[in-house]
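For reference, the structure is listed below as structure tokens.
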Protein chains: 2
Amino acid sequence: MLTIGTLSKKTGTKVQTIRYYEQIGLMPEPGRTEGGQRRYDNAQLDRLSFIRHSRQLGFSLDAIRELLDLSDHPNRPCHEADAIARRQLKQVEQRMARLKALRTELKRMVHECSGGRTGDCKVLEVLRDHSECLTEHEEIGA
Amino acid sequence: MLTIGTLSKKTGTKVQTIRYYEQIGLMPEPGRTEGGQRRYDNAQLDRLSFIRHSRQLGFSLDAIRELLDLSDHPNRPCHEADAIARRQLKQVEQRMARLKALRTELKRMVHECSGGRTGDCKVLEVLRDHSECLTEHEEIGA
DNA sequence: GATACATCCTCTAGCCGCTAGAGGTTCAAG
DNA sequence: CTTGAACCTCTAGCGGCTAGAGGATGTATC
């Protein structure tokens, strides 16, 4: 049986985060000692590893909830899991495309800065005037 | 003089967001009508455009605060603005590198899914077992 | 058995950058 | 003078944690 601290170290998850996952129902309520401290078993270690690994791959907690559910039912068809992963892949690709455009613009800004006064600074000038940009980059979130 | 709604449309910023920027001191307090409604001038329109454009390029509100401050003092040397932009560029490049690794992994997962039962699903298998991954992808945030 | 002290507990509040909604007021057109 | 769109303030919520207060427990050592 593992304490929350041990689980924390083994999975690289902060103690508070583990408790948070329990609170939102992503991790099950573990057993407790007489004094009320949490004790975990290996199934729970595996579950947390799954969650963490999924987070590292960028899945949202909601997506992970679905994936865990699928993982808990090995006889269901797996196209749903596949769909979730494809969705995630698509998102990653969209974000990459956006970042690529941003990088281009930032590089140009930085290269053109001649190191004089802020009044003539190309960086600030570009920020002031979107029409100096080569690309559109409308979306802000994500 | 512009109403907040007009300013909103001109800059593509939601009304609440404009008020939020005022609240956190990023936008100055505008003039008011007798009845208490906000009225903006062109300087404020420019400022908001600057903010929005910077956001589109991924700058944090804190970074934008610095940039605005620099922009307000045209006689200072501009290496600070340059440094902020370089920092931002670096961040973008790091995020791109991370996303690239994620994309590789996700692609592999999706390609290897044979469409059977979840019990044999490659997607779920990879999530269960990090050692099946080709790349490390440790960081979660950002 | 006492003591020390690391780890655990719950609870609340905060981070970023907004966004939504309730409930009420003002402005401008007709 | 009435309508109704747009405005006002205020509070609370999103995701995904993170930090800290203030107190209880567990384990190793004497």
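Just so it is clear, the model here is predicted, and its values are computed rather than measured. Lettering of chains follows the sequences in order, A, B, ..., and the numbering in each one begins at 1.
Every residue two or more places apart in sequence or in another chain that forms a side chain to side chain donor-acceptor pair (under 3.5 Å) with B/Thr135 is listed here: B/Glu105. Residues forming a side chain to side chain donor-acceptor pair (under 3.5 Å) with A/Glu93 (at least two apart in sequence, or on another chain): none. With sequence neighbours excluded, no residue forms a salt bridge (charged side-chain N to carboxylate O under 4.0 Å, His left out) with B/Asp41. Scored by the side chain to side chain donor-acceptor pair (under 3.5 Å) test, A/Asp46 finds no partners at all (sequence neighbours excluded). Remark: B/Glu112 engages B/Arg108, B/Lys122 in a salt bridge (charged side-chain N to carboxylate O under 4.0 Å, His left out) (not counting sequence neighbours). Partners of A/Ser60 according to the side chain to side chain contact (heavy atoms under 4.5 Å, CB included) rule, which considers only residues two or more places apart in sequence or in another chain, are A/Asp62, A/Ala63. For A/Arg128, there are no salt bridge (charged side-chain N to carboxylate O under 4.0 Å, His left out) partners, not counting sequence neighbours. Looking at residues two or more places apart in sequence or on another chain, you find no side chain to side chain donor-acceptor pair (under 3.5 Å) involving A/Ser114.
Between the side chain of B/Ser54 and the main chain of B/Phe50, a donor-acceptor pair closer than 3.5 Å is present. In this structure, the side chain of B/Gln88 engages the main chain of B/Leu57 through a donor-acceptor pair within 3.5 Å.
To the nearest angstrom, P of C/dC18 lies 7 Å from OH of B/Tyr20. Atom-to-atom, OH of B/Tyr40 to C1' of D/dA6 comes out at 14 Å; the value is rounded to the nearest Å. In this structure, CG of B/Asp62 is placed 11 Å from C1' of C/dG17, rounded to the nearest angstrom. Atom CD1 of A/Ile24 is separated from atom P of D/dG13 by 16 Å (rounded to the nearest Å). Taking atom CZ of A/Arg65 as the reference point, atom C1' of D/dG15 lies 12 Å away to the nearest angstrom. Distance A/Glu34 CD to D/dT27 C1': 15 Å, rounded to the nearest Å. Look at CG on A/Leu26: it is 12 Å from P on D/dG15, rounded to the nearest Å. Between A/Arg55 atom CZ and D/dG15 atom C1' there is a gap of 8 Å when expressed in whole angstrom units.
Considering only side-chain N and O atoms, A/Lys14 lies under 4.0 angstrom from the phosphate OP1 or OP2 of D/dA19. Taking 4.0 angstrom as the limit, B/Tyr21 places none of its side-chain polar atoms (N or O) nearer than this to OP1 or OP2 of C/dG17. At C/dT26, none of the side-chain N or O atoms of B/Thr33 fall inside 4.0 Å of OP1 or OP2 (strictly under the cut-off).
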What protein N or O atoms touch nucleotides 3-5 of chain D N or O atoms at under 3.5 angstrom, if any, and at what distances?
none

Sugar-phosphate or base contact per nucleotide [nucleotides 7-12 of chain D; S, B, -; heavy atom under 4.0 Å]: SSB---
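Nucleic acid contact for B/Arg52: sugar-phosphate only, since backbone atoms but no base atoms lie under 4.0 Å from a heavy atom of the residue.
DNA chain D forms stems at C:1-30 with D:1-30, each a run of 3 or more consecutive Watson-Crick or G-U wobble pairs whose two key distances fall under 3.5 Å.
Applying the side-chain hydrogen bond (donor to acceptor under 3.5 Å, both in side chains) test to pairs two or more places apart or on separate chains, those with a residue in residues 23-37 of chain B are B/Gln37-B/Arg39.
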Given B/Tyr40 and B/Arg47, is the side-chain hydrogen bond (donor to acceptor under 3.5 Å, both in side chains) satisfied, shown in steps? CA-CA 11 Å; B/Tyr40 295 90; B/Arg47 194 175 174 95; over 6 Å; no
